[in-house]
Amino acid sequence: MKKLLNNPDNYADEALDGMCLAHPEFYQRSGDTGRIIHRTGGPIKGRVGIVSGGGSGHLPVFAGYVGPGLLDACSVGNVFAGPSVADCMDAMKIADGGAGVLCLYGNYGGDRMNFDMAGEMLAMEGLASTTVLVADDVASAQSAERDKRRGVAGMIYPFKIAGAAAASGGDLATVTVIAQKAANACRSIGVALWPCTVPEAGKPTFEIAEDELEMGMGIHGEPGIWRGKLRPADEIAAEMLQRVSDELDLVKGDRVSVLVNSLGATPHEELFILYRHIANALAAKSVSIIMPLVGRYATSMEMTGASLSLIKLDAELEQHLKAPARCAFWSVA
Amino acid sequence: MKKLLNNPDNYADEALDGMCLAHPEFYQRSGDTGRIIHRTGGPIKGRVGIVSGGGSGHLPVFAGYVGPGLLDACSVGNVFAGPSVADCMDAMKIADGGAGVLCLYGNYGGDRMNFDMAGEMLAMEGLASTTVLVADDVASAQSAERDKRRGVAGMIYPFKIAGAAAASGGDLATVTVIAQKAANACRSIGVALWPCTVPEAGKPTFEIAEDELEMGMGIHGEPGIWRGKLRPADEIAAEMLQRVSDELDLVKGDRVSVLVNSLGATPHEELFILYRHIANALAAKSVSIIMPLVGRYATSMEMTGASLSLIKLDAELEQHLKAPARCAFWSVA
Amino acid sequence: MSWTADDIETWLGNCADRMTQSAPELNTLDGQLGDGDLGATLQKCAALMKAGLLGTAALPSDAFKTAAGACARASGSSFGTLLAVALLVLAQETAGKPTLLVQDMAPLLEKIIAALMLRGRSKLGDKTALDSLEAIRLAVSNLQDAEDLQLLCSAAAERAIEDFRMRPNLIGRARMFAEKSVGLADPGMVAVARIVGRAA
Amino acid sequence: MSWTADDIETWLGNCADRMTQSAPELNTLDGQLGDGDLGATLQKCAALMKAGLLGTAALPSDAFKTAAGACARASGSSFGTLLAVALLVLAQETAGKPTLLVQDMAPLLEKIIAALMLRGRSKLGDKTALDSLEAIRLAVSNLQDAEDLQLLCSAAAERAIEDFRMRPNLIGRARMFAEKSVGLADPGMVAVARIVGRAA
Ligand SMILES: Nc1ncnc2c1ncn2[C@@H]1O[C@H](COP(=O)(O)OP(=O)(O)O)[C@@H](O)[C@H]1O
Ligand SMILES: Nc1ncnc2c1ncn2[C@@H]1O[C@H](COP(=O)(O)OP(=O)(O)O)[C@@H](O)[C@H]1O
Ligand SMILES: [Mg+2]
Ligand SMILES: [Mg+2]
Ligand SMILES: [Mg+2]
Ligand SMILES: [Mg+2]
């Protein structure tokens, strides 16, 4: 395992420490275990709080998206492991500005159980909360079983859009409805070339040959759709675009945002090579791209590979996508 | 070679294409060879133009830093190869708003020859230009031979500071003096864990064992100071900090900016683990960190490793560092 | 047979000890089908349970509540949460009662299973810890007071592991390895057998 | 012996052909000490030179200027730039002259070497293409009109390679491999020998 770390058991905590030291204007740690990251300054009174959470090792997801116009708090687990129920409860309490809390996170069994349980326990204390699961990974289940799909990079669109809705004063029901709408409008798929290594485990999350890639692999190394020989970037981009746009029924004049995301090691140069194909292909269909995002928005540490996310926009989603927001990893002015 | 690309010969061009497609608000391509990236909207009349250039494969360096308050144009070579003389000339011409052009780039023999020659040829056509070389890599030569040092990630500080000086209306001499001051105040060192692969070459730039790292290695795989067994991140950070601060004579009350930069594959989590040590060590010395930068600011594609840069600030440098600037990879509001 | 708050604390402490002891085995099993953290998860739950159970519970439900809180703080892994849910159900359902009777076991297990199905969006037959609990529930229905309870539960849990061994996992992480899971014991089912205690 | 614009165009064209032919050899050599692009660099320079030299130069300096521009457009690699500088010096120094004399060679080479030292911040003895040019300059000083010029230059360039083989590279990329470079021919020195033409 070749990583810049101290004790593998402290990887998540030391990374969070560093993040808060580097960006005290955005992030503060709290909770019994220090596994809550919340907005500096605390919740905004009278505004809906938005909470997310999940495992470490995906920065900027999840905790990196805490910031004005984005998330209010996050509960953070160990690398690739969910946060505890208690931390989910703490995050929700910290995010509560009196107008209720939306729990907005990726559709993983463990995370869902924990947030649901946290929500029920806090309901007994009178805290109102709702849940929107992001299940954007088209590779993880057929569209008939959408509720089984995992949440991947596309989740940043619901983060951004729900964050804008909350910032503009929407009530819990309104924010929940628009977050669900954003989650519904969004599709992603990933392609993996090399695995990463979970520090505590010390060995790669999967094995793959020198000349192979896997289409549809999940961000923790979950099995994908097919594994085969490396292909030209344009072919890979074309297949990814096909798969994510399949269910979105894109027609001439539609407006989408596009995220070409590195899973970690894949460099910007290659993301732009992928984006070039995707931009040209969408232009050929007369589909407009709004606020394209190319970079590292949801990673699996040093995994090599990329993901493509598309969100189909209507006027409301677009307006919220473009609303101002800031965190250390993404700002929209 | 496991990379998301089409024809390796088109790697640089397709990446630039994608970058301009994704961010037309910042970047435009021109020149005979398409290897000039310049600011959308062209030079600002009456303002000093700032030009940089160098090889591809280092995004955001060089072309990514074209933008308001930063660079005006860049000439871009193939991966890890300098731009041509003709492209340097074109970049200088495009950046010229009538107040002359500062050529500001990393100290590499080939690049220097080309920019110097371009400058002399344009001088014959009446274009005034000056040169500031960034030679921040303390690992590449002793301090007595500072003019032999290579330019690495620290160069973004002179980019930012000179950009602010030009944007605020400084004349060529003034902008040159402050760029040189910024370059003089800045020191960097890198540590490499795994190499990257130049697409045209198809094989890794160097070999290194499973359990080794190399302190001081250059961004093209140039030999470093020592190679040895992997160590805890805190030890590595401590040595890097020692080496970059050695010549800066930091004392209580000094103000610095710090850049903890991924060479490509090293994830944000690990950068924050390094930053945590560095922030604590500087705090212990009562040295203040202004605007810390943690992320991918100068890369070698998918190389694994990190670099640390420090710039010692006086009031003038700090003011220009904090002045507003924008590009697709970095914005200061 | 009936149990006081003290008895329940003692029993929960013994469960915790067994969780700690079986951690290495469970990590290995979970490593084959999941992410290899089941043992570590139980270890953390056990440590926090032991730290919380100080022999001061006035009612059985107090002990359950303490243990539930410990598991909720421990971990983000599925089994820890399932344990927390189960213990919370016990706390809620036994609220106010000074002692528990052996006859309460089967109905409590029914409540627990129902809550876990809801929480885990799983059903009986998915090859999870729930199938083990169901096997135990059946074994303790219509119980004769004199029988060796631990032997009975343990035997039921062991039998359940074998009954499900050749079936595929239909939920959780192991679902992604459905074919591979045929022939392997479900880690969560093994965990239940270890927690209730090995038959001597 | 004297040369017209036509002669110069023909000679530059022949140089370009030799650059193309020796590209694979030079890539390999540069791969041992540098980044392996010397052959590719010369190939690009040659292609652009050939495209620009259309037999229309009125004066020798026009041909040099065209060739210089071609090399300046070709590449970011050091040798391409050094070639561009050398050709530019020739264009500047021969400006206006309808023909060039063999006696002009040595002084022109002196000017070229001086310009290259300035541009490359290198000196004679650093084991670069400049040492080859210096060897040629010495060979063509006090030249007898009748001698076979190509043979003379080529022999000088080949000799220079051997004279420097056992010395370390002191500049450019190869500097970083100073010890390794002892015993290896400098790629740029080999390039000069190939460009002026192999002795038959
Ligand atoms: N949704 C679920 N419903 C019921 N039981 C489950 C569920 N998910 C997991 N389990 C049980 O938990 C065990 C795995 O526990 P653990 O390793 O803690 O989970 P994780 O996959 O989150 O790491 C499985 O073997 C199974 O018995
Ligand atoms: N600064 C310099 N001064 C003189 N000659 C140089 C210099 N740098 C390189 N050379 C010559 O150029 C050759 C390498 O050419 P090339 O491969 O084009 O350079 P690179 O790829 O290193 O930029 C060297 O073998 C040497 O002869
Ligand atoms: Mg597990
Ligand atoms: Mg787990
Ligand atoms: Mg070379
Ligand atoms: Mg080169």
Side-chain angles (χ1 to χ4, degrees), chain A residues 2-7 10-12 14-19 21-23 56-57 59-60 64 79 191 193-194 196 210-211 213 230 232-234 236-237 260 264-277 279-280 292-296 299 301-302 304-306 326 328-329 331 333, chain B residues 2-7 11-12 14-19 21-23 56-57 59-60 64 79 191 193-194 196 210-211 213 230 232-234 236-237 260 264-277 279-280 292-296 299-302 304-306 326 328-329 331 333:
Chain A
K2 229 171 190 182
K3 293 171 93 83
L4 295 168
L5 49 71
N6 296 298
N7 183 337
N10 301 337
Y11 190 87
E14 292 183 2
L16 292 177
D17 257 356
M19 188 173 93
L21 280 166
H23 303 293
S56 290
L59 281 178
V79 174
V191 62
L193 278 72
W194 287 120
C196 60
E210 270 288 341
D211 60 348
L213 62 79
L230 209 58
D234 285 351
I236 296 167
V260 177
T266 291
H268 249 110
E269 284 78 4
E270 293 168 37
L271 301 180
F272 283 132
I273 291 175
L274 293 173
Y275 182 76
R276 173 179 170 272
H277 178 90
N280 289 334
L293 303 169
V294 180
R296 288 166 176 98
T299 66
M301 294 182 292
E302 72 281 11
T304 304
R326 263 172 331 114
F329 303 87
S331 56
Chain B
K2 228 170 191 184
K3 291 172 94 83
L4 293 169
L5 50 70
N6 296 299
N7 183 337
Y11 190 88
E14 291 182 1
L16 292 177
D17 257 356
M19 189 173 91
L21 281 166
H23 303 293
S56 292
L59 282 178
V79 174
V191 61
L193 278 72
W194 287 121
C196 60
E210 270 289 341
D211 60 348
L213 61 79
L230 208 59
D234 285 350
I236 296 167
V260 177
T266 291
H268 249 109
E269 284 79 4
E270 292 168 37
L271 301 179
F272 283 131
I273 290 174
L274 293 173
Y275 182 76
R276 173 178 169 274
H277 179 91
N280 289 333
L293 302 170
V294 180
R296 288 164 175 101
T299 66
S300 293
M301 294 180 294
E302 72 282 8
T304 303
R326 263 175 329 117
F329 302 88
S331 56

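We name chains A, B, ... by the order of the sequence lines, and we start the count at 1 in each one.
Although no hydrogens or angles enter the test, the distance criterion places a donor-acceptor pair under 3.5 Å between the side chain of B/Glu269 and the main chain of A/Leu59.
Using a 4.5 Å cut-off between heavy atoms, A/Arg326 does not touch chain B at all. For a residue to count as touching a neighbouring chain, one of its non-hydrogen atoms must lie under 4.5 Å from one of that chain's; by this rule A/His23 touches chain B with the side chain only. Looking at A/Ile236, the atoms closer than 4.5 Å to chain B (heavy atoms on both sides) all sit in the side chain, from C-beta outward. Contacts of B/Ser331 with chain A are made by side-chain atoms alone, with heavy-atom separations under 4.5 Å and no backbone atom involved. Both the backbone and the side chain of A/Tyr11 come within less than 4.5 Å of a heavy atom of chain B. Heavy atoms of A/Ala22 lying under 4.5 Å from chain B belong to its backbone as well as its side chain. For chain B, the nearby parts of A/Leu193 are the backbone and the side chain; heavy atoms of each come within less than 4.5 Å.
What you find for A/Lys2 and B/Glu210 is that their closest heavy atoms are CE-O, 3.4 Å. In terms of heavy atoms, A/Arg276 sits closest to B/Gly18 at CB-CA, 3.9 Å.
Among the candidates A/Leu5, A/Thr299, A/Asp17, A/Thr304, the residue making the largest number of heavy-atom pairs closer than 4.5 Å to chain B is A/Leu5. Of the listed residues (A/Gly57, A/Gly64, A/Gly295), the one with the most heavy-atom contacts under 4.5 Å to chain B is A/Gly57. For the options B/Phe272, B/Trp194, B/Phe329, heavy-atom pairs under 4.5 Å to chain A are most numerous at B/Phe272. Across A/Ala279, A/Gly264, A/Ala328, the residue that shares the most heavy-atom pairs under 4.5 angstrom with chain B is A/Gly264. Each of A/Asp234, A/Val294, A/Leu213 has some count of heavy-atom pairs under 4.5 Å with chain B, and the biggest count is that of A/Asp234.
Looking at A/Ile273 and B/Leu4, their side chains never come closer than 4.5 Å, going by heavy atoms from C-beta outward.
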Exercise for the section: Show your working on side-chain contact (heavy atoms from CB on, under 4.5 Å) between B/Leu21 and A/Asn280 and close with a plain yes or no. Expected result: CA-CA 9 Å; B/Leu21 281 166; A/Asn280 289 334; 3.9 Å; yes
Exercise for the section: Check the pair B/Arg296 / A/His268 against side-chain contact (heavy atoms from CB on, under 4.5 Å), numbers first and verdict last. Expected result: CA-CA 10 Å; B/Arg296 288 164 175 101; A/His268 249 110; 5.9 Å; no
